[in-house]
Q: 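Sharing a structure, written as structure tokens. Questions coming.
Quick caveat, the model's predicted, so the values are computed rather than measured. Hydrogens, waters and symmetry mates play no part in the numbers below; they use all other heavy atoms, side chains included.
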Amino acid sequence: MAANNDRSWTTEEGVKIEIIKKIGDSKCKLRSQSGDQLEQFYKLSNKEGKVIGSNFGQKPYTFTLGKGEVIHGMDVGMDGMCVGEQRKVIIPPEQGFDDDGDEVEGKGDTLYYFVELKSIFRPNPGEKWITDDGVHIHITHEVEGCTEKATAGDTLHQQYTLYLEDGTFIDSSWSRNRPFIFKMASGQVIKGMDIAMEGMCEGERRKVVIPPELAYGEKGRPPAIPGNSFLHFDLQLQKLVRPGKEEL
């Protein structure tokens with residue numbers, strides 16, 4: 001990193017960062033790092049200052065830092081931030097939108113962002129196991145003192161991100177800013193998902209791998225999911241509603 005001062009600097013990748021609102025050390029209990037899940041507000045402008053996109057006044061954008069879920073320059077620009085901190089981040093074209101053939105406004109240009117970090121989530125890892133059916137489960141964030149765990153008949157509010165085995169991104173409920181809701185063991189989801197969610201607590205997070213025979217089998221789900229695909233999910237149980245229990 002080529003530092004100019006403690007409020008503005010240029011990274012080795014050529015990303016220019018300026019802290020607009022600094023959070024003092026006494027109030028900053030945590031600084032963002034790779035693997036953290038961040039909630040972010042952003043405003044994207046061109047070099048003339050014309051606003052291209054913004055989510056201020058809306059729901060924050062959620063992503064995991066350092067995992068390629070955003071453009072590389074944003075992973076760089078959001079590193080080491082405190083909750084409430086605001087930055088100007090200038091991202092050069094080579095750290096911006098990939099030349100993947102999609103028409104994206106700002107692709108190939110220098111990107112001028114104003115960002116604010118709303119929240120940081122850092123996981124508390126738990127156990128790993130393989131079920132008798134062959135579903136791989138890793139608790140990536142364990143909830144202490146949980147007494148109510150997901151079981152057949154419960155209605156679950158779930159956030160998920162789905163990848164193929166080679167890392168290809170398929171879908172995410174996070175990007176829609178609303179959970180996927182289904183009733184467990186009622187045939188509303190693939191069989192492997194019912195198995196993967198069994199015993200989860202509200203707030204718990206898991207990484208799971210579901211074999212094709214418990215997912216979309218030999219046919220797959222064209223065009224996104226080929227036949228015989230192992231499905232890699234990042235899961236969070238946001239809410240559990242049990243039949244006969246008053247929903248708050």
Q: State the OG-NE2 distance between S173 and H157, to the nearest 0.5 angstrom.
A: 12.5 Å
Q: So K239 and E202, salt bridge (charged side-chain N to carboxylate O under 4.0 Å, His left out) or not? Walk me through it.
A: CA-CA 5 Å; K239 186 177 181 181; E202 282 191 356; over 6 Å; no
Q: Could you walk me through whether I137 and K128 pass the side chain to side chain contact (heavy atoms under 4.5 Å, CB included) test, one step at a time?
A: CA-CA 6 Å; I137 299 175; K128 296 180 183 180; over 6 Å; no
Q: Give, for atom CG of L38 and atom OG1 of T62, the distance between the pair rounded to the nearest 0.5 Å.
A: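 One gets 9.0 Å once the value is rounded to the nearest 0.5 Å.
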Q: Judged by atom type as modelled, is there a donor-acceptor pair below 3.5 Å linking the side chain of T131 to the main-chain atoms of V135?
A: yes
Q: So do V51 and S45 actually touch side chain to side chain, heavy atoms under 4.5 Å?
A: yes
Q: Determine whether I23 and V83 satisfy the following criterion, side chain to side chain contact (heavy atoms under 4.5 Å, CB included), listing intermediate values before the conclusion.
A: CA-CA 8 Å; I23 305 300; V83 172; over 6 Å; no
Q: Does T155 reach the main-chain N or O of F182 with its side chain, forming a donor-acceptor pair under 3.5 Å?
A: no
Q: Dump the intermediate steps for side chain to side chain contact (heavy atoms under 4.5 Å, CB included) on F233 and V209, then the final yes or no.
A: CA-CA 6 Å; F233 283 95; V209 182; over 6 Å; no
Q: Do V15 and T10 have side chains that get closer than 4.5 Å, going by heavy atoms?
A: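 No; the side chains remain at least 4.5 Å from each other.
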Q: Could you go step by step and tell me if D171 and R176 meet the salt bridge (charged side-chain N to carboxylate O under 4.0 Å, His left out) rule?
A: CA-CA 10 Å; D171 188 31; R176 293 186 287 275; 2.9 Å; yes
Q: Minimum heavy-atom separation for A150 and E198, please, with both atom names.
A: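 Nearest heavy atoms, A150 then E198: O-OE2, 3.5 Å.
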Q: Shared ILVMFWY cluster between Y112 and I71, side chains joined below 4.5 angstrom?
A: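 Shared cluster, no.
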Q: Does one side chain, of E116 or Q86, offer a donor that lies under 3.5 Å from an acceptor on the other?
A: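 E116 vs Q86: donor-acceptor pair found between side chains.
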Q: Got a sec: does the CG of D166 have more than 12 other heavy atoms crowding it under 6.0 Å?
A: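 It does: D166 CG has more than 12 such atoms within range.
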Q: Do you reckon Y160 sits in the same ILVMFWY cluster as F230, going by side-chain contacts under 4.5 Å, direct or chained?
A: no
Q: Looking at K118 and P60, what are the two nearest heavy atoms and their distance?
A: CD-CG, 3.7 Å
Q: Verify, without hydrogens or angle tests, whether D154 (side chain) and L240 (backbone) share a donor-acceptor contact under 3.5 angstrom.
A: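 No.
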Q: Within this structure, what is the NE2-CD distance for the pair H72 and E94, rounded to the nearest 0.5 Å?
A: 10.5 Å
Q: Side chain to side chain contact (heavy atoms under 4.5 Å, CB included) between Q158 and L235: does it pass, once the steps are laid out?
A: CA-CA 7 Å; Q158 173 207 72; L235 304 174; 3.7 Å; yes
Q: Measure from the side-chain N and O atoms of S229 to the backbone N and O of L231, and report whether any donor-acceptor pair falls under 3.5 Å.
A: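 A pair under 3.5 Å: no.
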Q: Any heavy-atom pair between the side chains of V115 and F41 that's under 4.5 Å?
A: no
Q: Report yes or no: do L65 and L111 belong to one cluster of Ile/Leu/Val/Met/Phe/Trp/Tyr joined by side chain heavy-atom distances under 4.5 Å?
A: yes
Q: When D234 is tested against each of K67, Q159, K207 for side chain to side chain donor-acceptor pair (under 3.5 Å), which residue passes?
A: K207
Q: Is a side-chain N or O of R206 found less than 3.5 angstrom from the main chain of A196, in a donor-acceptor match?
A: yes
Q: Can a side-chain donor-acceptor contact be found between R122 and Q37 if the only test is distance below 3.5 angstrom?
A: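 There is no such pair between these side chains.
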Q: Give a yes or no on whether the backbone of K183 and the side-chain of Q188 come within a donor-acceptor separation of less than 3.5 Å.
A: yes
Q: Do the side chain of K50 and the main chain of K47 share a donor and acceptor less than 3.5 angstrom apart?
A: no
Q: What's the shortest heavy-atom distance between G134 and P211, and which atoms?
A: O-CD, 3.6 Å
Q: Within a radius of less than 6.0 Å around CD of Q58, do more than 12 heavy atoms belonging to other residues, nucleotides or ligands occur?
A: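 Result for CD/Q58: enclosed.
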Q: State whether the side chain of N55 and the backbone N or O of Q40 hold a donor-acceptor pair below 3.5 Å, judged by distance alone.
A: yes
Q: Heavy-atom count around K22 NZ within 6.0 Å, excluding the residue itself: above 12?
A: yes
Q: M193 and I210: which non-hydrogen atoms are nearest, and at how many Å?
A: N-CD1, 3.7 Å
Q: Can you confirm whether or not the ring centre of H141 sits under 6.0 Å from the ring centre of F121?
A: yes
Q: Would a single hydrophobic cluster contain both W9 and I90, if residues Ile, Leu, Val, Met, Phe, Trp and Tyr are joined by side-chain heavy-atom contacts under 4.5 Å?
A: no
Q: Measuring from L214:CG to D133:CG, what's the distance to the nearest 0.5 Å?
A: 5.5 Å
Q: Less than 4.5 Å apart, side chain to side chain, heavy atoms only: is that true for V208 and H138?
A: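 They are not in contact (no side-chain heavy atoms under 4.5 Å apart), so the answer is no.
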Q: Will you find, in the side chains of E39 and S119, an N or O donor that is under 3.5 Å from an N or O acceptor?
A: yes
Q: In Å, rounded to the nearest 0.5 Å, how long is the span from NE2 of H136 to NE2 of H232?
A: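 Taking NE2 in H136 and NE2 in H232, the distance rounds to 8.5 Å.
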Q: Treating R87 as the side-chain partner and G77 as the backbone partner, does any N or O pair qualify as donor plus acceptor under 3.5 Å?
A: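 Yes: the side chain of R87 pairs with the backbone of G77.
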Q: Between E204 and K149, is there a side-chain heavy-atom distance shorter than 4.5 Å?
A: no
Q: Which heavy atom of G73 sits nearest to which heavy atom of V89, and what is that distance?
A: O-CG1, 4.5 Å
Q: For V76 and I17, work out which heavy atoms get closest and say how close.
A: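 In terms of heavy atoms, the two residues are closest at O-CD1, 4.2 Å.
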Q: Could you check whether any side-chain heavy atom of F56 comes within less than 4.5 Å of a side-chain heavy atom of F114, counting everything from C-beta outward?
A: yes
Q: Please tell me whether I190 and L162 are part of a single hydrophobic cluster in this structure, the criterion being side-chain heavy atoms less than 4.5 Å apart.
A: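 Both belong to a single hydrophobic cluster.
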Q: Just how far is it from atom CE of M78 to atom CG of D36, taken to the nearest 0.5 Å?
A: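 Result: 10.5 Å between the selected atoms.
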Q: With no hydrogens and no angle check, just 3.5 Å: does a side-chain donor-acceptor pair link N228 and Y216?
A: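 Result is no, nothing qualifies.
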Q: Are E18 and K16 within salt-bridge range, i.e. N to O under 4.0 Å?
A: no
Q: With no hydrogens and no angle check, is any side-chain donor or acceptor of S32 less than 3.5 Å from a backbone partner on M81?
A: yes
